[in-house]
Amino acid sequence: MEKEKRETSVRRLTVVLVMLGMILALAPGVMAADPTGASTLEENPGAPVDYVWVLICGFLVMFMQPGFAMLEAGFSRAKNVSNVLMKNLVDYSVGSLAFFAVGFALMMGTSAYMLVGTDGFFLAGEAYDVGTSLTWFFMLVFCATAATIVSGAIAERPKFSVYVIYSVVICAVIYPIYGHWLWGGGWLSSADFMTSLGGGYGALDFAGSGVVHAVGGYVALAGCLLLGPRIGKYTKEGKPIPIPGHSITFAVLGAFILWFGWFGFNPGSTLSAHELRISVIAVNTNLCAAAAAMTAMFITWKKFGKADVVMTVNGAVAGLVAITAACAWVAPWASVVIGIVAGFIVCYGYWFLERRGVDDVVGAIPVHGLNGTWGLLALGLFADGTYGNYATAAPFITGLFYGNAGFFGCQLISVVVNFAWAFGTGFLLFYILKHTLGIRVSPEEELAGLDISEHGVVTYPDFVYTEPARPTRIIRMSEAVIERENEPKTGEKGG
Amino acid sequence: MEKEKRETSVRRLTVVLVMLGMILALAPGVMAADPTGASTLEENPGAPVDYVWVLICGFLVMFMQPGFAMLEAGFSRAKNVSNVLMKNLVDYSVGSLAFFAVGFALMMGTSAYMLVGTDGFFLAGEAYDVGTSLTWFFMLVFCATAATIVSGAIAERPKFSVYVIYSVVICAVIYPIYGHWLWGGGWLSSADFMTSLGGGYGALDFAGSGVVHAVGGYVALAGCLLLGPRIGKYTKEGKPIPIPGHSITFAVLGAFILWFGWFGFNPGSTLSAHELRISVIAVNTNLCAAAAAMTAMFITWKKFGKADVVMTVNGAVAGLVAITAACAWVAPWASVVIGIVAGFIVCYGYWFLERRGVDDVVGAIPVHGLNGTWGLLALGLFADGTYGNYATAAPFITGLFYGNAGFFGCQLISVVVNFAWAFGTGFLLFYILKHTLGIRVSPEEELAGLDISEHGVVTYPDFVYTEPARPTRIIRMSEAVIERENEPKTGEKGG
Amino acid sequence: MEKEKRETSVRRLTVVLVMLGMILALAPGVMAADPTGASTLEENPGAPVDYVWVLICGFLVMFMQPGFAMLEAGFSRAKNVSNVLMKNLVDYSVGSLAFFAVGFALMMGTSAYMLVGTDGFFLAGEAYDVGTSLTWFFMLVFCATAATIVSGAIAERPKFSVYVIYSVVICAVIYPIYGHWLWGGGWLSSADFMTSLGGGYGALDFAGSGVVHAVGGYVALAGCLLLGPRIGKYTKEGKPIPIPGHSITFAVLGAFILWFGWFGFNPGSTLSAHELRISVIAVNTNLCAAAAAMTAMFITWKKFGKADVVMTVNGAVAGLVAITAACAWVAPWASVVIGIVAGFIVCYGYWFLERRGVDDVVGAIPVHGLNGTWGLLALGLFADGTYGNYATAAPFITGLFYGNAGFFGCQLISVVVNFAWAFGTGFLLFYILKHTLGIRVSPEEELAGLDISEHGVVTYPDFVYTEPARPTRIIRMSEAVIERENEPKTGEKGG
């Protein structure tokens with residue numbers, strides 16, 4: 001089988017990479033920097049609280065994975081739920097391995113020409129160190145967040161194998177290289193022409209409105225465009241038809257988990273508990289999400305006469321995305337304003353894209369893409385000069401409204417580069433995959449649902465679905481599935 | 001439309017408040033106290049671990065929001081789930097904004113006559129500070145907990161717009177003023193006649209059995225009384241009929257999330273990691289919940305011959321509520337005893353209220369109201385003199401069983417005031433709303449379910465409901481809903 | 001009734017135990033060690049960050065309870081969900097009380113002959129102390145994890161009352177005694193013949209691959225063998241028939257929650273934030289889980305032609321189990337290797353056991369049992385000599401691959417003892433219960449589902465099940481259930 005051959009190649013590649021890692025890891029023996037932490041502690045007796053802070057915040061960011069999984073599962077139809085969940089499991093797992101093998105080194109390794117990092121592959125040698133491990137873990141969970149954003153947008157029609165490959169590429173290459181430019185000492189934050197333009201600092205992105213969310217959002221845009229909309233999403237005249245997800249409860253649970261996890265995402269990005277600004281960051285994060293959720297709710301209330309749940313949920317997440325770049329550098333009142341704008345962007349952005357044929361199942365493009373961009377701009381506008389840049393010890397950050405037009409210019413450059421990189425590499429990736437492996441399941445498989453066609457499973461076998469016809473004819477079942485069919489106890493199932 | 005006019009007023013009010021906030025925020029310029037945290041850190045080098053502790057505990061308390069959302073959704077019928085979830089999103093979001101604009105200032109601002117705080121509106125001026133932000137965040141998540149308790153009790157029949165208004169009022173006024181009396185330097189904790197009665201300290205409530213839970217519970221009681229029971233809750237003879245919720249799984253998930261979040265709620269209320277008593281608090285919290293859950297389970301096992309899931313779940317939460325006031329000041333064995341009593345209170349309290357026509361969908365009144373009161377009393381009984389009051393550096397707290405009858409008197413006063421304030425203001429609020437806007441949906445809307453009537457959505461469109469008739473005739477659908485009806489892909493849906 | 005008599009005995013026993021506790025607690029008065037924490041803080045000014053670390057990690061471990069609950073509920077059929085959830089509530093609650101009364105003392109009290117601890121019952125006397133409370137809480141959540149593993153394996157057929165008794169026994173006796181041998185100064189870690197064999201240290205288990213997971217897993221094996229498989233699990237020829245669970249969504253949510261909670265489980269087991277190795281532990285934990293999940297996925301992909309969701313989920317948890325013993329003492333690359341092996345073990349272990357008549361509903365035996373054992377061995381193989389044993393200040397730990405064959409011998413002894421103890425005591429417990437109370441419900445009750453037969457409840461009353469026949473004839477309903485039957489509003493329900 002052609003398909004199995006490809007899978008075998010993937011597995012072989014994995015084996016080779018792991019072996020390569022073992023060789024790299026064993027080669028330098030025990031000459032690693034500080035694997036016990038003893039000398040780090042001696043040099044910096046205040047390190048424990050920083051480690052505790054960064055690790056626990058990292059755990060919270062990792063917990064955003066089930067947040068996304070529940071949000072995306074809830075917004076998908078019952079016949080595609082297991083597939084969405086599997087994609088979330090895969091992007092985190094494969095992402096962890098790819099970021100371990102390659103991504104981290106490209107992002108945070110010694111910079112070559114301010115373009116890409118060059119060491120730290122497989123956390124081997126010097127990178128087997130408590131400090132590097134701390135950074136690795138925190139950076140990994142951010143990388144995995146960028147990766148998982150895409151799964152929701154392109155849900156319900158891509159091949160599962162394509163998603164596995166995509167996960168490797170975004171976590172090994174697309175995310176890390178762009179991350180290097182902002183957070184790894186790369187040109188967007190540190191090149192001379194940028195820092196002189198910004199007035200001592202270049203483009204900034206505190207916790208990743210651009211680095212994480214807009215990258216995920218615009219890769220998702222590329223994916224949606226190349227995949228095309230789901231069957232039944234548009235009338236013949238091109239009018240969009242709402243396809244409701246199967247469980248608003250899971251979606252709301254997911255959104256609340258994301259909100260919770262974001263308190264790791266944003267305040268944790270100080271990378272130090274000695275920055276007491278963390279309290280202001282938490283306040284700003286919360287206020288912006290609240291303002292955006294309520295704005296989106298009132299917009300739909302006015303438009304439809306009823307407060308819309310889905311858009312309120314997306315509003316909350318949009319507010320979280322929008323404040324992410326600016327959360328450390330703006331005042332609480334500004335966070336409310338940023339959130340109100342985010343609420344408008346998510347509603348009108350979603351409707352705009354939907355009308356133009358972009359079938360984004362969960363609204364990831366307006367939520368993470370457009371509001372990621374808005375977050376970068378908002379930082380350039382509202383930064384009020386009350387706090388600096390912990391990493392570079394730069395002067396306090398001020399935006400356009402406080403007189404620093406140059407920094408707003410840096411952010412504009414950042415916005416353009418961000419879109420070009422994410423959409424460009426995403427388009428290239430999915431374009432190559434489309435014209436080699438193919439990226440979309442067959443119409444029969446799509447109608448049957450990806451749970452059956454890609455995983456041979458019914459997500460909720462004990463319940464009667466509203467679409468009762470079970471498309472057994474058109475699906476070549478695996479043995480496992482056939483066995484389940486014959487299973488005498490659970491009778492006729494939906495699917 | 002009358003309804004839309006009101007909504008417009010709400011929106012206009014929001015805009016005015018936000019603008020007022022901006023003016024207040026911009027007026028004092030950058031004369032804020034310590035927005036960077038640098039001078040706070042210099043004065044108190046041990047601050048980072050306290051900030052980490054309070055923030056992470058605050059995050060856990062925030063995470064109780066999805067806990068309540070899942071608990072309440074699980075205990076509601078499928079046709080009302082989205083509405084319950086929206087109420088949870090709204091009370092946290094609107095609550096955040098109302099507490100930002102007004103509530104925090106009334107609660108924690110400079111006290112006027114020990115009755116109400118007077119500054120800190122919009123976190124502007126001096127309140128733009130790392131320490132104030134820390135306090136704000138921790139106080140907000142407690143305020144939002146009080147607010148969200150009500151949504152479950154009064155589920156399945158109030159108008160959604162009324163709930164939005166209620167959320168503003170409880171977070172801006174009802175909760176903060178009472179909170180001021182206990183935690184903001186107000187009269188219950190600090191007036192001379194109280195502290196002399198208590199033997200050096202007045203009424204106490206460590207983490208909010210009264211301030212948070214009983215306030216929420218008794219506002220809920222007022223709401224239930226003014227709304228009246230759901231259609232079908234009672235026979236013609238007034239005998240209560242159980243109306244089971246749609247998903248015990250979500251309810252149990254919610255209860256476990258609450259249990260988890262409570263470890264932020266109670267231990268975090270030291271507001272400092274330098275109080276190592278936090279470990280005892282965690283132990284007490286856990287033991288009381290466990291004892292209460294098992295007590296409730298055995299009560300139902302004896303009464304019905306089977307261990308009841310719903311009451312076990314409510315027992316766990318009741319135990320958490322009951323230990324909240326006393327958790328820092330009692331011994332582990334006392335926590336077990338308090339939990340056993342809490343288990344009895346929640347069962348018999350629920351059945352008592354249900355027989356008397358109080359239709360409390362999730363049992364919030366016995367869980368949070370009655371057990372909140374019991375928590376205040378238990379503190380007055382079991383405080384064992386092994387630990388003091390961190391905030392006021394008062395002597396070690398002792399209760400009636402350890403010889404301090406005066407302090408028990410303080411707690412009795414607190415119990416009466418707590419009920420009077422919460423029930424009184426809650427009754428006033430819902431009474432005014434009832435006789436102006438109206439607080440209850442029409443019987444047709446209630447029968448159809450609030451998801452359709454208030455939000456135009458079916459929570460689980462891919463599943464067949466046991467009540468298949470879809471009441472399309474009696475509901476004036478919004479355009480969005482009609483579109484969904486016509487959607488060709490998902491066939492006939494439940495609802 | 002025979003059954004009620006037994007229940008009464010259980011309740012009476014509880015009352016006696018609680019009273020005994022109160023007497024013990026009151027007897028020594030206030031001569032407790034350091035209930036305020038003031039002197040602990042004075043002696044060790046760095047204690048706050050350690051307390052924060054251990055407590056928050058403990059909270060995360062407690063949060064694994066809903067992780068297990070969701071995983072097990074998702075893998076169970078809809079008719080048994082409430083029962084599984086109740087078991088999770090019970091083992092945590094009863095476990096808390098049993099560990100409070102007895103278990104903790106046996107595990108961590110002053111050792112008698114390196115076999116069992118002897119003081120600290122009811123946290124009374126000297127044990128009413130901030131340090132002891134901290135240890136108690138952290139140890140409790142581990143104990144409860146071991147307990148809850150069993151509920152999933154033996155789901156869908158045991159009597160609920162038996163599970164309550166089991167919960168008491170494992171938390172009061174089985175787990176604590178074995179835990180004493182490894183973590184409480186007992187013979188496996190500390191006897192002279194062990195430490196001389198290991199080269200300065202005896203058998204080790206950093207965070208409990210053996211102590212927690214394999215103990216749970218092998219008690220589960222004993223339970224499964226004595227209970228026998230579910231009706232319908234095997235054909236007449238003994239061929240296993242898959243019985244799919246009712247909700248993959250809940251199962252995946254549970255797995256992600258477990259992954260999240262494991263970051264408390266493993267890094268938290270340093271019991272100190274001053275061990276900066278916590279960052280390496282977090283990295284290792286994550287990499288192993290990722291590698292195991294992907295390995296299991298690719299195995300099923302190859303075998304069935306489709307990537308299997310259930311096995312991927314179990315793979316992730318298996319990887320978490322496998323790294324738990326070794327996480328502090330191995331390199332990141334080794335964690336990946338350990339995870340790949342774990343992925344093979346969970347798949348082939350599950351299929352092996354299933355073919356031999358072991359009906360393990362959630363796969364707990366391969367996940368926790370076999371991979372727990374693998375974790376102990378992996379530590380003996382891969383420990384690389386870069387980190388020591390915090391508790392005993394032993395030399396840096398090295399395994400077989402780094403020249404320490406003796407330590408691998410210690411681990412082999414530990415593996416054998418672990419299986420013998422867990423399987424032996426588990427078998428004894430369920431054997432006695434089987435031949436006294438009986439451990440399995442009647443076939444009629446099993447077919448009807450344990451929700452109805454044991455708890456008188458339908459978990460999802462608003463949805464139509466695929467097995468619509470409601471077995472009202474064969475179940476003697478409690479009054480509460482009959483009332484629900486008559487409830488006029490929700491019509492005909494599934495179940």
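So that the names make sense, note that chain A is the first sequence line, chain B the second, and so on, each numbered from 1.
Contact annotation: the side chain of C:Pro332 approaches that of A:Phe100 to within less than 4.5 Å [non-hydrogen atoms, C-beta and beyond]. Side-chain contact check for A:Val164 versus C:Trp301: some heavy-atom pair is nearer than 4.5 Å. Inter-residue side-chain proximity for A:Phe122 and C:Val336 is flagged as unmet; no heavy-atom pair is nearer than 4.5 Å. Counting only heavy atoms from C-beta outward, the side chains of C:Asp384 and A:Tyr128 approach each other to under 4.5 Å. Contact annotation: the side chain of C:Phe256 approaches that of A:Met62 to within less than 4.5 Å [non-hydrogen atoms, C-beta and beyond]. Between C:Arg277 and A:Thr36, every side-chain heavy-atom pair lies at or beyond the 4.5 Å cut-off. Here the side chains of C:Leu253 and A:Leu253 are in contact, with some heavy-atom distance below 4.5 Å.
Using modelled atom types, no side-chain atom of A:Asp462 and backbone atom of C:His246 make a donor-acceptor pair closer than 3.5 Å. Listed for the A:His455 side chain is no donor-acceptor partner under 3.5 Å among the backbone atoms of C:Asp308.
Options A:Ile56, A:Val81, A:Val94, A:Thr132 differ in how many heavy-atom pairs under 4.5 Å they form with chain C, and the most are formed by A:Ile56. By number of non-hydrogen pairs under 4.5 angstrom with chain A, the leading residue of C:Val252, C:Val52, C:Thr235 is C:Val252. Looking only at heavy-atom pairs under 4.5 Å with chain A, the residue among C:Ala273, C:Ala307, C:Ala316 that has the most is C:Ala307. With chain C as the partner, the residue from A:Ser247, A:Ser96, A:Gly37, A:Pro66 showing the most heavy-atom pairs under 4.5 Å is A:Pro66.
In this structure, the portions of A:Val90 lying under 4.5 Å from any heavy atom of chain C include both its backbone and its side chain. With a 4.5 Å cut-off on non-hydrogen atoms, A:Leu60 touches chain C through its backbone and its side chain both. Interface remark: C:Pro48 contributes no atoms to any contact with chain A (heavy atom separation under 4.5 Å). Residue A:Leu55 touches chain C through its side chain alone, counting heavy-atom pairs closer than 4.5 Å. For a residue to count as touching a neighbouring chain, one of its non-hydrogen atoms must lie under 4.5 Å from one of that chain's; by this rule C:Ala293 touches chain A with the side chain only.
Neither side chain, A:Tyr51 nor C:Ser279, offers a donor N or O lying under 3.5 Å from an acceptor on the other.
Aromatic rings of C:Trp262 and A:Phe59 (six-membered ring for Trp) have centroids beyond the 6.0 Å cut-off, not under it. Checked against a 6.0 Å centroid threshold, the rings of C:Trp259 and A:Tyr92 count as neighbours.
Nearest heavy-atom pair, A:Leu85 versus C:Thr249, reported as atom, atom and distance to 0.1 Å: CD1-CA, 3.5 Å. Residues A:Met86 and C:Met297 approach most closely at CE-SD, 3.7 Å, considering heavy atoms.
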**Message:** The test is side-chain contact (heavy atoms from CB on, under 4.5 Å); show your working for A:Leu97 and C:Leu287 and say whether it passes.
**Reply:** CA-CA 7 Å; A:Leu97 299 171; C:Leu287 284 175; 4.3 Å; yes
**Request:** May I have the step-by-step check of side-chain contact (heavy atoms from CB on, under 4.5 Å) for C:Val280 and A:Trp136, ending in yes or no?
**Result:** CA-CA 9 Å; C:Val280 175; A:Trp136 185 88; over 6 Å; no
**Request:** Decide side-chain contact (heavy atoms from CB on, under 4.5 Å) for A:Tyr460 and C:Phe463; before the verdict, give the C-alpha distance in whole Å, the side-chain angles of both, and the deciding distance to 0.1 Å.
**Result:** CA-CA 12 Å; A:Tyr460 306 104; C:Phe463 298 102; over 6 Å; no
**Verdict with supporting geometry, A:Phe250 and C:Phe250, side-chain contact (heavy atoms from CB on, under 4.5 Å)** = CA-CA 9 Å; A:Phe250 279 125; C:Phe250 279 126; 3.7 Å; yes
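When each of C:Ile281, C:Leu276, C:Val283 is checked for a side-chain contact (heavy atoms from CB on, under 4.5 Å) with A:Val130, only C:Leu276 meets the rule.
Distance CG/C:Asn284 to CZ/A:Phe137: 11.5 Å, rounded to 0.5 Å.
Scanning for side chain to side chain contact (heavy atoms under 4.5 Å, CB included) contacts around A:Asn80 gives A:Arg77, A:Glu156, A:Leu450, with sequence neighbours left out.
Within a 6.0 Å sphere centred on CZ of C:Phe344, heavy atoms belonging to other residues, nucleotides or ligands number 12 at most.
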